[in-house]
Amino acid sequence: MRYSRMLLPTLKESPADAEVISQKLMIRAGMIRKVAAGIYNLLPLGHRVVRKVEAIVREEMNRAGAQEVLMPMVVPAELWQESGRWDAYGKELLRLKDRHEREFCLGPTHEEVITDMVRREVRSYRELPLNLYQIQTKFRDEIRPRFGLMRGREFIMKDAYSFHATPESLDREYENMHRAYTRIFERCALQFRAVEAETGAIGGRFSHEFMVLADSGEDSIASCTRCGYAANIERAEVREPHPERPLGELPVERVSTPGMRTIEEVSAFLKAAPSAMIKTLIYETDRGIVAALVRGDHQLNEFKFRNALNAAWVRLADEAAVERATGAPAGFAGPVRLKVPVYADHAVRRIFDGVTGANEKDAHLVHVSAARDFPGASYADIRNALAGDMCPRCEGAFEIRRGIEVGHIFKLGTKYSEAMGATFLDEEGRERPAIMGCYGIGVGRTAAAAIEQNHDEAGIIWPGPLAPFDCEVLPVNVNDEGTKKTAEALYERLSSELEVLLDDRDERAGVKFKDADLIGIPVRVVVGERNLKQGKVELKVRKTGETKLVGIEEVSAEVGRVLGK
RNA sequence: CGGGGCGUAGCGCAGCCUGGUAGCGCAUCUGCUUUGGGAGCAGAGGGCCGGAGGUUCGAAUCCUCUCGCCCCGACCA
């Protein structure tokens, strides 16, 4: 490809609203342009990278025995009504009507459509297992799209769905997909971890997320520094290490804390450590108003809390509800003599000389002991894991890192097949619902994650397998005949084996060098008068910055060696 | 959804408070010089100042409405 003919509009400055590095660099490198909130054009360079990711995904999915299909993006409402998700999915589902006022949605995921496809065609256990996938544009009307391709509303996703006659067959496919995903992200040269995760709105009980490690990630993951245990913080089990403590000896005392509402304020005012404080959060749930207790220095985990309650939904109560439940304005709630059910984190049980709200304006209680002063509380693991917490599986401790979710694999079970009647006849001629699994990969997000992990001040440093071109030939001055001829010849020769970009623009050397650094092609061949006199050109590796003079005849072999091809 | 902010040339921004001919840098185009790390000089083009309504002799500027974009939102309990 000739740079002079390519739509590759690089920018010196990044737009003011770009937040994360991958977004800034993708815009500056002329890969993407925003069309609307969370909706982007992929320009030629960006499209090439996305195609590279897709190709790797496709190869590995095919190798793993899955078959590619393509489902419609516009899905009739009836299918979603059949599964019950038309009402359950909420506002992320973009709904629309056709000219006959029939209702449709833009597919954010395709369990319904694939289940419909399979129920029409599959009759017998002999036709199972089956794993079907597609690479397609999805739409989710996110509340707050951000970070460029990392959290868009429209995005490219590989989604696969498997159908099985037995749980064992699903287990095997789940492991098969786990291995395929590992190969995919290894081939993308990403640093990643597979972690245990919550299942969210998709349904099912069990899942793993594939997380690319990056500080800009939106998820926190807890991983044991000794064994292999790793989990999304939403799910990471916490093992309480503290021994039982004795009951408090001092009687509970009410102290005045005018205007002190936050843990920080009360802690500073009473000179009590946040770990000695009991944070009381009032929740509205489908099972009524409930209080959740965590230690002052801990954070409530709403997923765990909801599971402990066995509730369908939980929502932090507003001021008025707090006042109704506790008799005090927000900021002074406490578990002692509270009239609503109390669910406490295990760590709260160990507090024996604690501080908590008095359920009375401008007052807190001190010398509070959990076992003595609110014995009716139920205990569960309802807080977020912290760095240093004990691993639930071994004697190690957690470290907390940030991750970008690029892949997610689920065991769905029979949720959709039962709701939609996707059944088959087993060996005994009995009709049974297919057991399903589902497996997703964010294609654009994977490209963005690769940049988050591979860049420097000057720009992107593409891992070879994702790079839009393998090699860039850069003639320093195209007005010099010798330079131009040599560059053209090298471009022709290299193009027979590699994807090559020729920067044939009549620009100053500095401009070309800066653009080359920015778009991050792995290998650069610089052709200039100076070195040409010795019959040599300069080869520069983007990642290491290392340069070396190479004879013109050796360029091809040398570039191949650097690329490992 | 709630709170806040911003919409002025392709991009980044000033001007708005205190109403009076719309500016700067980068980018673009032309010419000359320059040519191994985002060149210099000279010149040129490019604006429904997001939209609608209002106040005013006069609105980018003040008021109202509206659309779009961005940021923050358990850790106040």
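In what follows, chains are A, B, ... by sequence order, proteins preceding strands, each numbered from 1.
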Take atom CD1 of A:Ile143 as the centre, draw a 6.0 Å sphere, and report whether it contains more than 12 heavy atoms from other residues, nucleotides or ligands. no

Of the listed nucleotides B:G38, B:G25, B:C72, the one nearest the side chain of A:Arg146: B:C72

The side chain of A:Ala37 lies closest to which of these nucleotides: B:G12, B:C70, B:G36? B:C70

On the nucleotide B:C70, are OP1 or OP2 found under 4.0 Å from the side-chain N or O atoms that A:Lys34 carries? yes

Expressed in angstrom and rounded to an integer, what is the separation of A:Asn477 atom CG from B:U33 atom C1'? 14 Å

It should be established whether A:Lys12 places a side-chain nitrogen or oxygen under 4.0 Å from OP1 or OP2 of nucleotide B:A27. yes

Please report, rounded to the nearest Å, how far the C1' atom of B:G36 is from the CG atom of A:Leu532. 13 Å

Closest contact, heavy atoms only, A:Ile404 versus A:Ala214: CD1-CB, 3.8 Å

Please round to the nearest 0.5 Å and tell me the distance separating atom NZ of A:Lys97 and atom CZ of A:Phe104. 12.0 Å

Categorize A:Arg524 for me: base, sugar-phosphate, or nothing, with a 4.0 angstrom heavy-atom threshold over every strand shown. base

d(NZ, A:Lys91; C1', B:G2) in whole Å: 12 Å

So NZ of A:Lys536 and CG of A:Asn531: to nearest 0.5 Å the spacing works out to 9.0 Å

Using the C1' atom as the reference point in each nucleotide, state the distance between B:C70 and B:A27 in Å, no decimals. 24 Å

Is the phosphate of B:A39, meaning OP1 or OP2, less than 4.0 Å from a side-chain N or O of A:Arg508? yes

So which nucleotide from B:G37, B:A74, B:C69 ends up closest to the side chain of A:Asp517? B:G37

Interatomic distance at C1', B:G50 relative to B:A9, whole Å: 15 Å

With rounding to the closest Å, how many angstrom separate the P atoms on B:G5 and B:A52? 24 Å

CZ of A:Arg530 versus P of B:U35: gap in Å, rounded? 14 Å

Rounded to whole angstroms, how far apart are CZ on A:Arg151 and P on B:C70? 14 Å

Please give the distance between the C1' atoms of B:G31 and B:G36 as a whole number of Å. 26 Å

CG/A:Asp381 to CZ/A:Phe305 distance, rounded to the nearest 0.5 angstrom? 13.0 Å

Nearest-nucleotide pick for A:Thr262, side chain only, options being B:G12, B:C76, B:C75: B:C76

Now, which nucleotide makes the Watson-Crick or G-U wobble pair with B:A14, with each of the two distances under 3.5 Å? none

Considering only the P atoms, how many Å lie between B:G3 and B:U61, rounded to the nearest integer? 25 Å

Looking at the side chain of A:Val322, which of B:C1, B:C13, B:A77 is the nearest nucleotide? B:A77

With A:Asp517 as reference, evaluate A:Arg28, A:Arg524, A:Lys512 under the salt bridge (charged side-chain N to carboxylate O under 4.0 Å, His left out) test and give the passing residue. A:Arg524

Return the pairing partner of B:C65 with a 3.5 Å limit on both distances, Watson-Crick or G-U wobble; otherwise return none. B:G51

Closest to the A:Lys514 side chain, choosing from B:C69, B:G37, B:A77: B:G37

A:Asp297/A:Lys279 salt bridge by N-O under 4.0 Å criterion: no

Value in whole Å for how far the C1' atom of B:A77 lies from OH of A:Tyr343: 19 Å

Nearest to the side chain of A:Glu538, which nucleotide is it out of B:G36, B:A74, B:G38? B:G36

Integer-rounded Å distance: B:G68 P and A:Ile39 CD1: 12 Å

Please tell me which of the listed nucleotides, B:G37, B:A77, B:C1, lies nearest to the side chain of A:Ile263? B:A77

Which class fits the ring pair A:Trp80 and A:Tyr89: parallel under 30°, tilted 30 to 60°, perpendicular over 60°? perpendicular

Look through every strand shown and name the nucleotide pairing with B:C1 as Watson-Crick or G-U wobble, where both distances are under 3.5 Å. B:G73

Expressed in whole Å, how much space separates the P atoms belonging to B:G58 and B:G20? 15 Å

B:C41 pairs with, by Watson-Crick or G-U criteria that keep both distances under 3.5 Å: B:G31

Go through B:G36, B:A74, B:G37 for me and flag the one nearest to the A:Lys540 side chain. B:G37

B:G46 and B:C11: how far apart are their C1' atoms, nearest whole angstrom? 14 Å

Taking atom C1' in both B:C75 and B:C69, what distance in whole Å separates the two? 29 Å

Watson-Crick or G-U wobble partner for B:U56, using a 3.5 Å limit on both distances? none

Could you tell me the separation between the CG atom of A:Asn479 and the P atom of B:G36, rounded to a whole number of Å? 12 Å

Check every atom of B:A77, B:C75, B:G12 against the side chain of A:Glu13 and return the nucleotide holding the closest atom. B:G12

